[in-house]
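In what follows, chains carry the letters A, B, and so on, assigned in the order in which the sequence lines appear, proteins first and then strands, with residues in each chain numbered from 1. Note that the structure is a prediction, hence the values are computed from the model and not measured.
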Amino acid sequence: MPPIIEIRNLSKMYRIGAHLHKDETFRELLVRTLRKPWVRRPSPLAEATGYSDDDSIWALKDINFDVEEGDVVGIIGRNGAGKSTLLKIISRITDPTEGFARIRGRLASLLEVGTGFHPELTGRENIYLNGAILGMRKAEIETKFDEIVDFGEIGRFLDTPVKFYSSGMYVRLAFAVAAHLNPEILVVDEVLAVGDLAFQKKCLGKMSEVSQGGRTVLFVSHNLAAVQSLCRKGVVLKEGRLVFNGGANDAVDHYMQMVSGPGETSHANVVDLSRAGTRNRKYRPLLRRLELLTDNGVPLLGGIPIGAPLKALIHFRLESPTPSFDVGLGFDNLYGQRIFSAHSAYEPKRVHEVREGEQVFVCEIPQLTLTPGEYKLVAWVEISGGVVDLVEDAARLTIGESDFYGTGKVPRSGTCALENHWRLQ
Amino acid sequence: MSQTFELVVKPRKGWQPLDFHEIWLYRELLGFLVWRDVKVRYKQTVLGGLWALLQPLAAMLIFTLFFNRLAGIQSNGPPYPLFAYAGVTAWTFFSNAVSASSNSLIGNQQLISKVYFPRIFVPMGAIGALLLDMLISLVLMFALLLYYRWPASLLLLELPVFMLGSFLAASGFGLILSAMNVRFRDVKYAVPFAVQMGFFVTPVIYPLNYIPARYRLAMSLNPMTGMVEGFRHSLLGTAAQWNVMGLSLAVSVLIFVTGLYTFRRMERLFADII
């Protein structure tokens, strides 16, 4: 039997200049054309074959792999590695520049939760609309309608416009529709990173049900544990190229080695925050650098075990003499939930004095008892109680599995490990 | 099914024909998009669908007062309010359809960049939803015919031809403009202005015979000239000017076909540049 998906030499080029021309107005085009009428400017994303110039980047280059029917394939890679581009091409949202993907089956893609939801429409109406947008037939939606409503736990709000829903309800409803998609091939981007934890579990459960039903699934995620538990196969992308194709566990191992190796900025122990892309534009770039060390000053590379000490040096700048300033360091899980915040204001021995210029705040956490997994660090500076600079995802920290309790039992569930003692009476 | 269904995703180049098979497969979604636009349009309004009646009715009253009573413009036969209402019905559909469809793609960015379906559904859905408004305002047309005791005739059977012509013209412009709008947001600002100017070069408030005969064929290169005349001809029995109406119909079809191909050519870039 031929593979259900065949990907051959798939490449996608973007012109970096393209986004500069995105907002080019008609007048600008006219002016440019009048100035140099003989230069035929390539269309913004010209299908340039063979030539490379400085403004173009290959978001994907020469990707080759097959997916067999019934495979559940995890696609992993750093941000910008081309994962989403790959899914977009397979789902036909955008064309490849070169190569092709041959798909033998009905494919549905779920690149975002709640695509096409209309705030003015009721829950009931949105189930139909969203279902149709995701490629369900009306009859199919009708048969699954009650199941969707149950799954989404929206009950009596079914006939309320979704603009009045809480964000949790909104996500639950959107997910409920998506979870009932029934195509031969399902393509899922990192959409599990929303919603509350309990509901995420339910969705993961539904997804594994789907994958056990012999359906082919392509799944992009940063949640390596989810990839390991849901997927049989794994593909690792790096800078637009496929660097690994094999079993899911091996793919995760490969990825872990790749990200903990040198040269990977956000996993390195020193991160330059002065030009961080994850800073909201409204903030002034006061944060300079984040350094992560183990307690005895050894640069932290890769990860630390559960309950190990962590020392963070936050370099920042005060533009004028400032009497009241504080620095915070947040630990978010990959679902974007804050697990723990460290804050200089929590320090009872905090000395308040007027400072100006380059500063370093040292934060020491004697026991970082988070459960194994990857965490995003958020760093921020406050002046007089208001946030003046904040960088999301400033660095990634991996907590490795370790024998925290000294019993050989690794605490994997929950968000943190706390000492607990038991005795029979 | 997986054995019978095969799809190759590869770079597309140049002019693409319309994929009717795919449109058929996705037909229910088009229905849902029309339904959504209809549902949402008058949400949280007190008058709801009555707006589809109030707009042409108010326009009719104002036009009658200013252009007929004060400026002395006469119709070519029927009472001026009927004359104006028939024209306004066609023109309102056209202008609303062009405005709505030209902004439809950029108003549905999320859909374009996150899910695949025939892109043409977005502008066409916006226009489809407005067809309903035209039908509602035609109901009032018949009430007005009764009120003015103006006889309707079998010429009514020709009305669908002119409705179709208006639909094709609006769709053609809508397809071209919505696609251009993805790249050049100027379209968003140019369209309201162009539509307003179009109103004056279309015989909505004045009969075509106010225009010197030698300019009438040039006027009918504006597809709505013939459609407005056609609406009046079939609803009110005004004299048929088949050269005008025929030329306008031909232009409508031409614009529609041009729109389809232009759209198909540009659609592959939508997700990347929207």
- Query: Checking A:I90 against chain B: side chain, backbone, both or neither under 4.5 Å from a heavy atom?
  - Reply: backbone

- Query: What is the minimum heavy-atom distance between A:S91 and B:Y116, and which atoms define it?
  - Reply: O-CB, 3.0 Å

- Where B:Q110 and A:G116 come nearest, the two heavy atoms and their spacing: OE1-N, 3.6 Å

- Message: Using every non-hydrogen atom in the two residues, find where B:W35 and A:L129 come nearest and quote the distance to one decimal.
- Response: CZ3-CB, 4.3 Å

- Message: Can you tell me which portion of A:E6 sits under 4.5 Å from chain B's heavy atoms? Options are side chain, backbone, both or neither.
- Response: neither

- Task: Would you sort out whether A:K12 and B:D272 count as a side chain to side chain contact (heavy atoms under 4.5 Å, CB included), showing the intermediate values?
- Result: CA-CA 11 Å; A:K12 173 81 181 179; B:D272 293 332; 2.9 Å; yes

- Do you know which two heavy atoms are closest between A:G99 and B:P11, and how far apart they sit? O-CD, 3.2 Å

- Message: Please report the interatomic distance NE2(A:H118) to CG(B:D37), rounded to the nearest 0.5 Å.
- Response: 7.5 Å

- Out of A:I89, A:L10, A:I7, which one pairs with B:V9 under the side chain to side chain contact (heavy atoms under 4.5 Å, CB included) rule? A:I89

- To the nearest 0.5 Å, tell me how far B:L111 CG sits from A:I133 CD1. 4.5 Å

- Answer key: most heavy-atom pairs under 4.5 Å with chain B among A:V187, A:L87, A:T115 is A:T115

- Message: How close do B:I112 and A:I93 get, counting heavy atoms only, and between which atoms?
- Response: O-CG2, 3.5 Å

- Query: So, for B:S113 and A:K88, which heavy atoms are closest and what is the spacing to 0.1 Å?
  - Reply: O-CE, 3.3 Å

- Task: Verify, without hydrogens or angle tests, whether B:E28 (side chain) and A:K138 (backbone) share a donor-acceptor contact under 3.5 angstrom.
- Result: yes

- Query: How far does CG of A:L121 sit from NZ of B:K39, to the nearest 0.5 angstrom?
  - Reply: 7.5 Å

- Which portion of A:R137 sits near chain B, non-hydrogen atoms under 4.5 angstrom: both

- In plain terms, say whether A:R92 and B:E22 are close enough for a salt bridge, that is, a side-chain N and a carboxylate O under 4.0 Å apart. yes

